[in-house]
Engineer: 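Next up is a structure, given as structure tokens.
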Amino acid sequence: MPPAQPVAQPGPPGQPPLPQPGQPGQQLPPQWQPNPQPNPQPNPQPHPQAHPQAHPQAHPQPYPQPQAPQRAEPNWQALADRNAADDKRRRRLRALGVAVAVVLVGGLVAGGTVLLTKGDGDKPTAGPTASASNRPSSAAPSAAPSAAQSAAPSAAGTPGGAPDDPSKPIWEAATDPAPQDAGALFSALQVTVNGATWNRTFVSLDSPCWDGNSTTGGLGKVLGDQGCQKVLRATYVSGDSAVTVGVAVFDHKIQAETSMKSYTGHLKGAVAPGAPPFCATPGCTNTHNTLGRYAYFTVEGSAKGGDTADAAATAAAAGFGEHVKGQLLQRAKAASAAAPGAPGAAAAG
């Protein structure tokens with residue numbers, strides 16, 4: 001029995017009948033062909049290293065890293081201001097330290113000076129003093145006193161000075177009762193200065209001080225304005241050189257010291273009657289100083305007369321100044337010994 005032929009399936013209206021499956025030589029139209037299925041791929045196995053659970057040590061999860069804190073930008077202006085303030089404070093402290101050190105050092109120096117002054121007051125000066133007023137000066141008048149003249153009143157020479165000042169008995173007339181006599185004050189007939197012998201040739205006493213007999217160049221008025229009482233003079237000659245020394249007498253040392261602040265002119269050379277005058281007008285070298293209530297002077301020139309300087313006499317000026325100072329200290333010593341209550345005063349009475 002022949003096999004049954006498949007019956008053609010009717011197709012959609014107006015279309016040829018659908019072929020039966022398995023019918024040879026029959027192909028379906030494209031619109032009736034089933035959609036091709038994609039070739040299924042085997043399910044891929046995950047890579048052993050890609051699965052985090054298969055190998056937990058392969059790619060460990062990093063721990064969260066701490067974030068560095070954000071650094072704030074420093075306030076440069078504030079830092080600069082603070083540094084400037086610190087600098088200023090350090091400078092103030094340094095300046096304060098220097099000031100304190102200066103005060104301390106000044107106090108120590110002042111204390112040392114007072115101690116030295118007190119210690120030196122016990123010893124009279126033997127040689128020429130360091131004061132410029134004991135050095136020969138030019139004869140040209142000077143309106144302003146020198147620094148040495150202004151500084152003449154020393155701590156030991158003031159009324160409130162040390163009681164052991166050897167000149168204290170002749171600070172005022174009340175404690176200096178000895179008579180004012182040129183021959184007694186300048187008693188030495190010969191004086192040796194710079195190895196040369198000088199002979200006393202003349203002594204004089206002039207009063208009042210301002211009459212011009214013993215001074216020149218305005219010195220008499222300076223002395224008279226401070227109450228000068230008299231001027232005692234003596235002249236010493238060696239060869240052709242002559243030196244006159246003189247002492248102006250006041251009631252108190254303050255008057256003597258004040259007069260020397262306005263020193264001008266100089267002492268006149270004292271000459272014996274008939275001798276040629278010397279240093280009668282300004283032009284000779286001269287010196288001046290004070291001790292107690294006395295101002296003392298020297299003037300140096302030529303024994304032949306005139307108003308020119310003499311080298312040997314000028315060189316002897318400082319020595320003669322010290323000689324006059326020594327004579328005044330001897331006077332103070334005698335007054336001290338004669339004062340009531342002084343050792344030996346009763347025996348002397």
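Values below: every heavy atom of this structure, side chains too, minus hydrogens, waters and symmetry copies.
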Engineer: Arg233 and Ser214: side-chain donor and acceptor closer than 3.5 Å?
Structural biologist: no

Engineer: Going only through I, L, V, M, F, W and Y residues with side-chain contacts under 4.5 Å, is there a path from Val245 to Leu328?
Structural biologist: yes

Engineer: So, taking the atom named NZ in Lys325 and the one named CG in Leu291, what distance separates them when rounded to the nearest 0.5 Å?
Structural biologist: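 So the NZ of Lys325 and the CG of Leu291 are separated by 6.5 Å.
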
Engineer: Kindly compute the distance separating CD (Gln229) from OG (Ser207), expressed to the nearest 0.5 Å.
Structural biologist: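 Rounded to the nearest 0.5 Å, the CD-OG separation comes to 8.0 Å.
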
Engineer: I'd like to know if the side chain of Thr175 reaches the main chain of Pro169, judged simply by a donor and an acceptor atom lying under 3.5 Å from each other, with no hydrogens or angles considered.
Structural biologist: yes

Engineer: Say you draw a straight line from NZ of Lys268 to SG of Cys279; how long is it, rounded to the nearest 0.5 Å?
Structural biologist: 11.5 Å

Engineer: Give me the atom names and distance for the closest heavy-atom approach of Cys284 to Gly306.
Structural biologist: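 Nearest heavy atoms, Cys284 then Gly306: SG-O, 4.4 Å.
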
Engineer: For Arg293 versus Trp171, what's the shortest heavy-atom pair and its separation?
Structural biologist: CB-O, 3.6 Å

Engineer: Following the transitive rule for hydrophobic clusters with a side-chain heavy-atom cut-off under 4.5 Å over Ile, Leu, Val, Met, Phe, Trp and Tyr, establish whether Phe186 and Phe202 coincide in one cluster.
Structural biologist: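 Cluster IDs for Phe186 and Phe202 differ.
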
Engineer: Going from OG on Ser167 to CG on Leu329, what distance comes out if it is rounded to the nearest 0.5 angstrom?
Structural biologist: 7.0 Å

Engineer: Just so I know, are the side chains of Asp206 and Asn213 near enough to count as touching, which here means a heavy-atom distance under 4.5 Å?
Structural biologist: yes

Engineer: Is there a continuous path of hydrophobic side-chain contacts, each under 4.5 Å between heavy atoms, that joins Val237 to Val271?
Structural biologist: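 No, because Val237 and Val271 fall into different hydrophobic clusters, even though each may have its own neighbours under 4.5 Å.
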
Engineer: So Leu185 and Leu232, side chain to side chain contact (heavy atoms under 4.5 Å, CB included) or not? Walk me through it.
Structural biologist: CA-CA 8 Å; Leu185 184 61; Leu232 289 70; 4.1 Å; yes

Engineer: Might you work through the side chain to side chain contact (heavy atoms under 4.5 Å, CB included) test for Phe297 and Thr287, ending with a clear yes or no?
Structural biologist: CA-CA 6 Å; Phe297 316 91; Thr287 69; 5.9 Å; no

Engineer: Between Ala303 and Gly239, what is the shortest heavy-atom contact and its length?
Structural biologist: CB-O, 4.4 Å

Engineer: Closest heavy-atom contact between Val299 and Gly269?
Structural biologist: CG1-N, 4.1 Å

Engineer: So, does Asn194 use its side chain to make a donor-acceptor pair with the main chain of Ala196 at under 3.5 Å?
Structural biologist: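 Pair absent, no side-chain N/O of Asn194 close to backbone of Ala196.
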
Engineer: Only pairs under 3.5 Å count here: list side-chain donor-acceptor contacts from residues 215-223, not counting sequence neighbours, and write none if there are none.
Structural biologist:
{"unit_1": "Thr215", "atom_1": "OG1", "unit_2": "Gly220", "atom_2": "N", "d": "3.1"}
{"unit_1": "Thr216", "atom_1": "OG1", "unit_2": "Ala280", "atom_2": "O", "d": "3.4"}
{"unit_1": "Lys221", "atom_1": "NZ", "unit_2": "Asp225", "atom_2": "OD2", "d": "2.9"}

Engineer: I need the minimum non-hydrogen distance between Ala295 and Ala256, along with the two atoms involved.
Structural biologist: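 Taking every non-hydrogen atom into account, N-CB, 4.3 Å.
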
Engineer: Tell me yes or no: between the side chains of Asn289 and Tyr263, is some donor less than 3.5 Å from an acceptor?
Structural biologist: no

Engineer: If every non-hydrogen atom of Trp210 is compared with every non-hydrogen atom of Cys228, which pair is closest and at what distance?
Structural biologist: CZ3-O, 3.9 Å

Engineer: Distance only, no hydrogens: is a donor on one side chain within 3.5 Å (strictly under) of an acceptor on the other, for Thr314 and Thr285?
Structural biologist: yes

Engineer: I would like to know whether Val324 and Val247 meet side chain to side chain contact (heavy atoms under 4.5 Å, CB included); could you show each step before the answer?
Structural biologist: CA-CA 8 Å; Val324 176; Val247 171; 3.8 Å; yes

Engineer: Let me confirm one number: the CD-CD1 distance from Gln330 to Ile170, rounded to the nearest 0.5 Å.
Structural biologist: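 Result: 11.0 Å between the selected atoms.
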
Engineer: Checking side chain to side chain contact (heavy atoms under 4.5 Å, CB included) for the pair Thr244/Phe278: CA distance, chi angles, key distance, verdict?
Structural biologist: CA-CA 10 Å; Thr244 293; Phe278 75 98; 3.3 Å; yes

Engineer: Using 0.5 Å steps for rounding, measure from the OG atom of Ser187 to the CZ atom of Arg200.
Structural biologist: 7.5 Å

Engineer: Do Thr281 and Asp307 meet the criterion of a side-chain donor-acceptor pair at a distance under 3.5 Å?
Structural biologist: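 Thr281 vs Asp307: donor-acceptor pair found between side chains.
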
Engineer: Answer whether the closest heavy-atom distance between the side chains of Tyr296 and His288 falls below 4.5 Å.
Structural biologist: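 Tyr296 vs His288: side chains apart.
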
Engineer: Distance alone, cut at 3.5 Å: any donor-acceptor contact between the side chains of Glu300 and Thr298?
Structural biologist: yes

Engineer: So, for Phe320 and Tyr236, is the gap between ring centers shorter than 6.0 Å?
Structural biologist: yes

Engineer: Are side-chain N/O atoms of Ser302 and Asp310 paired as donor and acceptor at under 3.5 Å?
Structural biologist: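 No.
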
Engineer: Check whether any side-chain N or O of Gln255 sits under 3.5 Å from a backbone N or O of Asp251 as a donor-acceptor pair, and report yes or no.
Structural biologist: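 Judged by distance alone, yes, a pair lies under 3.5 Å.
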
Engineer: Mind checking salt bridge (Lys or Arg N to Asp or Glu O under 4.0 Å) for Arg331 and listing every partner two or more places apart, or none if nothing turns up?
Structural biologist: Asp176

Engineer: Would you kindly say whether Gln327 and Tyr294 are connected by a side-chain donor-acceptor distance under 3.5 Å?
Structural biologist: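 Per modelled atom types, Gln327 and Tyr294 side chains form no pair under 3.5 Å.
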
Engineer: Taking the side chain from Gln226 and the backbone from Ser259, do they hold a donor-acceptor pair closer than 3.5 Å?
Structural biologist: no

